[in-house]
Student: 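I am attaching a structure below and will ask some questions about it afterwards.
Small disclaimer: the values here were computed from a predicted structure and weren't measured.
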Amino acid sequence: MLAPKPPRPEDGKVPKVQSIPYRQWGVGRNRVAGAYMLWEASGKKLYAVQAIAGHRIKSINRYWLHDDEVTLQVTGVINGGTNYRSNVQIFSRLGAVPETPYSAIVSALAGAGVWTSSHRGDGQASIAMIATSDKAERQNKTFPYGVPQLSVEADMALCWDFRDPLQDPEDPSTWEWTRNAAVIMAWHQCFNEFGHRRNYQRAILPVLDMWQEEADVCDELVPLAGGGFERRYECNGFDTTENDPKAATNAILASCDGWICERGDGALLFIAGKFREKYVTTLTDADIVGHQIEYDVLFEDECNRLIPKFCFPDIGYATSDTDFFEDTSAQLISGRVLAQDANYQWVQQWRQARRLGKRDWLRLQQKVTGQINVRLSGINSVYSRWVRLEAPNMLPRLNGTVVENRKSVLSLLQGGFVMDIMKHPLSIDAWNPTIEEGAPPATPANVNASGIPTPVINLVQARPNGDSVYVRVVIIDPDDETLMPVVRYRLADAGAGTPGPWIEQRFPNPVPSGGYIDMSTNVVPSNQLLDIQASFIASDGDYGSWSITANVTSTVDPVAPGVPVNMTANNASGTVTISAKAANDNTKFLIFKRGTTGQTFAAATLLGQYNVTANQTITPPTDTPGTGTWKYWCGAENGSGVPSAGQASSTITI
């Protein structure tokens, strides 16, 4: 409760005005307004520049004046059909080095020395606005809320994804935008100018295999009740330099039920919220000096209802809550509801907030917490997230159970280490979307200047159809037969990080069912990341506002290929001949790699990728790795790039 917290999502809508503007940074996709760097009136024009991030960002997607969304012409002048007419012009910069000054503002204010061509903002993402006053009789209608307040939806920091061999940790120009919680954590710990500033060669590289596995866990696809999938753990949020870096660290950990620990040599151990037996260590009676365990909680600490809260883009990037978890029998015993909030403010998917909420709810129901004094002989458990207690003498009630290591500190006066523990629920990963997913949060009606509501997307799903793929889009039924839904999509990256053009499809005769409208598009580009939006068209042909952007990968073949078979590696005088056979299924590629026995397949050196058919055997050119013990792998991919569940391997010594 007392830990520092980043700003609430809704705080990002309003630009800050203060004598020394604070610096802001962010990850994922957020709605931000930043802080005013310039606020100057000259004649009938108001000039404003707002710094939204103290680093380079990927893109700016949408614009709002107050809570009215606006779109821009090529010149930056807003399109008509809203308040403000065409009296507002908007510009943006992504934070290049060097950056380009706002020429329209420079030409107006440079003469007075207020804003010159030297005001570039190198490395600072920013937005600018020129608002022109209207005739006196129209001023209040053009600007009904007074001076317009500009905010934007931005895809923020570019991060080093350590799973991609094409990305160089020393070259930020090779980094990519991501929502992966593990990748974002590594960036915040090592590369964020406002983060912990650790040396990645010391913090990440010694345990690179662990970080790669946890990033893959965050990217795992979780099935949804209505069909389709979403990533297990995504992270989106922003913070200011007024907060300690640990505030954002806590927010990132909360978004993935994560655990982080610094090893004695400076390496960072990171584990996302998915229980795996390989991370479990054991403490015995011989390792435990003493303990203080509580097997229940005081009445004032009781919780019989847990309410997950998160950032919901569909209500303008504000805090919302999901269906709560509760224990009605405990409420009857207590005589009242004892509620607590679970704060996941860097989470923007309500289903993800529900999954995280269930994990915390199951922990609370265990009601077993305390401390264990661990001898130096139990040091391995200090660096482990989960600990199995084999202590029939010291802890008979917990003997054989698994506890979670919440925090461990060195305390020689207590015998070695003091470990804060909480009993681990064995069913913490169980999830039935049909029963436990719940319903989306209530979304209040949001209309544009024409009175047309904005759709709320409930589900986006890519569906294969032979060698092609289409997209299924489910929106909440507006209960208005005069409105025609329309869906549009585009390539999220058509090259050089720039999205492609929008392609629309109308659905003139939708058939609502169960409070939803289910639509399927025509064939879309295969195996691409797509941006999806929806809108309504009124009977007079006017468009409403477009919905929040959803993303989906149009995978044609979602079935993973089988693991290659008959893998061999033969050494003849230092020259290695390798061979492997494709499984009898949808395998399209075999990927051969070589590395040390301590490396993973992802981190190993690529030897070659080959097109194959079912049951085909591939023998790549021979390899001369040099003296040592080497491990060779062969993995498989289908035509959509979906990898096999594992790889064939062979180890030899030269």
Side-chain angles (χ1 to χ4, degrees), residues 161 163-167 176 178 180 212 215-224 227-232 459-473 489-495 497 499-500 503 520-532 550-567 578-594 600-621 632-649:
D161 190 335
R163 300 170 296 174
D164 184 356
L166 299 180
Q167 296 188 34
E176 294 183 356
T178 184
N180 184 288
Q212 290 174 335
D216 289 341
V217 168
C218 293
D219 275 345
E220 285 180 354
L221 298 178
V222 178
L224 308 180
F229 303 87
E230 74 175 17
R231 303 292 182 186
R232 182 182 294 275
L459 177 68
V460 172
Q461 178 185 10
R463 288 207 167 167
N465 182 18
D467 292 333
S468 61
V469 63
Y470 64 92
V471 176
R472 175 187 174 216
V473 182
Y489 67 87
R490 69 179 181 184
L491 294 178
D493 185 354
I503 299 175
S520 296
T521 69
N522 296 325
V523 173
V524 300
S526 300
N527 304 318
Q528 299 285 341
L529 179 63
L530 303 177
D531 292 335
I532 309 291
N551 298 109
V552 66
T553 299
S554 55
T555 304
V556 174
D557 183 1
V559 179
V563 176
V565 296
N566 298 348
M567 173 73 180
I578 51 178
S579 176
K581 180 180 178 181
N584 185 20
D585 59 6
N586 58 339
T587 299
K588 298 297 182 184
F589 303 98
L590 288 184
I591 300 101
F592 291 87
K593 290 188 175 185
R594 180 247 300 150
T600 62
F601 177 75
T605 301
L606 178 65
L607 298 179
Q609 177 172 313
Y610 302 89
N611 295 318
V612 295
T613 57
N615 285 326
Q616 182 178 355
T617 298
I618 294 292
T619 302
Y632 288 86
W633 290 270
C634 181
E637 289 184 358
N638 68 11
S640 294
V642 177
S644 55
Q647 303 84 33
S649 65

Student: Please report the shortest heavy-atom distance between Val563 and Gln647, naming the atom on each side.
Tutor: CG1-C, 3.8 Å

Student: Just how far is it from atom CD of Gln212 to atom CG of Asp164, taken to the nearest 0.5 Å?
Tutor: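 Atom-to-atom, Gln212:CD and Asp164:CG are 10.5 Å apart.
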
Student: Among Ile532, Val552, Leu530, Leu491, find the residue that satisfies the side-chain contact (heavy atoms from CB on, under 4.5 Å) test when tested with Val524.
Tutor: Leu530

Student: Among Ile618, Thr605, Thr619, which residue satisfies the side-chain contact (heavy atoms from CB on, under 4.5 Å) criterion with Phe592?
Tutor: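 Single pass found, and it is Ile618.
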
Student: Can you give me the closest heavy-atom contact between Ala602 and Lys593, atom names plus distance?
Tutor: O-NZ, 3.6 Å

Student: Which pair of heavy atoms, one from Ser468 and one from Ser526, lies closest together, and at what distance?
Tutor: CA-OG, 4.3 Å

Student: Write down the atom of Leu590, the atom of Ala580, and the distance for their closest heavy-atom approach.
Tutor: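 Smallest interatomic distance, heavy atoms only, reads CD1-O, 4.0 Å.
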
Student: I need the minimum non-hydrogen distance between Ala462 and Thr553, along with the two atoms involved.
Tutor: CB-O, 3.3 Å

Student: Apply side chain to side chain contact (heavy atoms under 4.5 Å, CB included) to the pair Val642 and Asp557, showing each step before the final yes or no.
Tutor: CA-CA 8 Å; Val642 177; Asp557 183 1; over 6 Å; no

Student: Pair Leu221, Arg231 - check side chain to side chain contact (heavy atoms under 4.5 Å, CB included), show working.
Tutor: CA-CA 5 Å; Leu221 298 178; Arg231 303 292 182 186; 3.5 Å; yes

Student: Before you tell me yes or no, could you show the steps for Arg163 and Asp216 under side chain to side chain contact (heavy atoms under 4.5 Å, CB included), namely the whole-Å CA-CA distance, both residues' side-chain angles and the distance that decides it to 0.1 Å?
Tutor: CA-CA 9 Å; Arg163 300 170 296 174; Asp216 289 341; 2.9 Å; yes

Student: Which pair of non-hydrogen atoms, one from Ser640 and one from Asn527, has the smallest distance, and what is that distance?
Tutor: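 It is OG-OD1, 2.7 Å.
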
Student: Are the side chain of Ser554 and the backbone N or O of Val469 linked by a donor-acceptor pair below 3.5 Å?
Tutor: no

Student: Got a donor-acceptor contact below 3.5 angstrom from the Asn638 side chain to the Val559 backbone?
Tutor: yes

Student: Rounded to the nearest 0.5 Å, how far does CG of Leu607 lie from CD1 of Ile578?
Tutor: 5.0 Å

